[in-house]
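A short worksheet on the structure shown next.
Start at 1 and go down the list; that is how both ligands and their atoms are numbered. Everything numeric here is computed off the predicted structure, so don't read it as measured data.
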Amino acid sequence: MLAPVNKIIPFSNVDGPGNRTSIFFQGCPFNCQFCHNPETIHLCVGCGLCLDGCPVHALSRDPDGSIRWDHERCVQCDACIRTCPHTASPRVRWMTVEQVLEEVRRSAPYIAGITTSGGECTLYPDFLEALFAAVRPLGLTCLIDSNGSFDFAGRPSLLRDCAGVMLDVKAVGASWSRTLIGNDGAQVLANLDYLLSAGKLQEVRTLIFPGRDEENESAVRYVAPIIRDRCDYKIIRYRPFGVRAEYQRMLGDDVTAREEAERYAALARSLGASRAYVV
Ligand code: SF4
Ligand code: SF4
């Protein structure tokens, strides 16, 4: 069994509690306007447009037409990613569970667990299930970082060896959801309820956009009374860095002011989400 891995960060302290190894899978079923890693959305289609721009010739084409990336040569200049018109990356490794596990084992003495992220890691549920079953006996916890597109209720076995899900609730309301993430967001809200009832909701994150008072407030007013004190609620300030230029035009160049985000955190706490805080 193989899955496309964009990168593995051996030590991260921003992807869940404690020091964690973060595994970023390639591919995402959403197309969020504010995505900071748009190169993780699609798989490479092998068009070859990025090959000639690599300054160290780390990219080549295999006889079967696929793109080969030489990670020893790569200097991480990102020229290929800037060139790609398909929101993809040539810097993807198709890995087995054992290969990912090998990297986790190297970090194991220094970490509390692993976090699978993306892109959207739940595109590969068989892989995750096998990985979690292998990681848990090492005494490590497994967390899923998800955009909420996956039907968790339809596959409870995915959560058997998973300590919890960090869920993005980016938008509430079909119209704003369609604008922001490209669909009506109904599955995300269904997951919010299911993960809470299953005791597997690690945290919820809501992005606060500058000047979008109505949309920001409706998300916070929806989420806070549901989660109350049962999980963390991260109120995240919008930052335009890395966002695709065409979407920056709509969302603007401004970072959400801390005071504005703090107002929504206070609102969330007043509605019962006592563990709301700004990041
Ligand atoms: S990031 Fe690596 S593969 Fe991509 S262009 Fe730069 S050196 Fe080449
Ligand atoms: S990474 Fe993008 S530009 Fe490069 S070959 Fe793949 S699809 Fe084409």
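Look at C84 and atom 4 (Fe) of ligand 2: no N/O/S atom of the residue is under 2.8 Å from the metal. At a threshold of 2.8 Å, atom 6 (Fe) of ligand 1 has no backbone or side-chain N, O or S atom of C54 nearer than that distance. Here C44 reaches atom 6 (Fe) of ligand 2: one of its N/O/S atoms is less than 2.8 Å from the metal.
Of the charged side-chain nitrogens involved, none lies within less than 4.0 Å of a carboxylate oxygen, so that R237 and E259 do not count as a salt-bridged pair. A salt bridge links E129 and R160; the closest N-O separation between the charged side-chain nitrogens and carboxylate oxygens is under 4.0 Å. The pair R205-E203 meets the salt-bridge criterion, with a side-chain N (NZ, NE, NH1 or NH2) lying under 4.0 Å from an Asp/Glu carboxylate O.
Shown in contact with C50 at under 4.0 Å from a heavy atom are these atoms of ligand 2, numbered in order with element: 1 (S), 3 (S), 4 (Fe), 5 (S). Close contacts between ligand 1 and V56 involve ligand atoms 7 (S) [criterion: under 4.0 Å to a heavy atom]. Of all the atoms in ligand 2, the ones that sit under 4.0 Å from a non-hydrogen atom of G48 are 5 (S), 8 (Fe). Close contacts of ligand 1 with D78, meaning ligand atoms under 4.0 Å from a residue heavy atom, involve 1 (S), 6 (Fe).
Contact annotation: for I81 versus ligand 1, there are no heavy atoms closer than 4.0 Å. With a 4.0 Å cut-off on non-hydrogen atoms, R91 touches ligand 1 through its side chain and not its backbone. At a heavy-atom cutoff of 4.0 Å, ligand 2 is contacted by both the backbone and the side chain of V45. Contacts between S89 and ligand 2 below 4.0 angstrom, taking non-hydrogen atoms only, involve the backbone exclusively.
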| ring-ring contact (aromatic ring centres under 6.0 Å, His included) between Y194 and F152: does it pass, once the steps are laid out? | CA-CA 7 Å; Y194 173 73; F152 284 97; 7.5 Å; no
| query | side chain to side chain donor-acceptor pair (under 3.5 Å) between T115 and R20: does it pass, once the steps are laid out? | reply | CA-CA 7 Å; T115 298; R20 313 189 74 78; 2.9 Å; yes
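Protein heavy atom closest to atom 7 (S) of ligand 1, with residue, atom name and distance, is V75 N, 3.4 Å. Of the protein's heavy atoms, C80 SG, 2.3 Å lies nearest to atom 4 (Fe) of ligand 1. In terms of protein heavy-atom proximity, atom 6 (Fe) of ligand 1 is closest to C77 SG, 2.3 Å. Nearest protein heavy-atom contact of atom 2 (Fe) of ligand 1 is C74 SG, 2.4 Å. For atom 8 (Fe) of ligand 2, the closest heavy atom belonging to the protein is C47 SG, 2.3 Å.
Other residues, nucleotides and ligands contribute over 12 non-hydrogen atoms within 6.0 Å of the CG atom of D64. Taking a 6.0 Å sphere around CZ of R68, one finds it holds 12 or fewer heavy atoms contributed by other residues, nucleotides or ligands.
E120 and T122 are linked by a side-chain donor-acceptor pair at a separation below 3.5 angstrom, with hydrogens and angles left out of the test. Side-chain contact annotation: S12 with D15, donor-acceptor N/O pair under 3.5 Å present.
With R91 as the partner, the side chain to side chain donor-acceptor pair (under 3.5 Å) test is satisfied by one option alone out of E39, H71, Q76: Q76.
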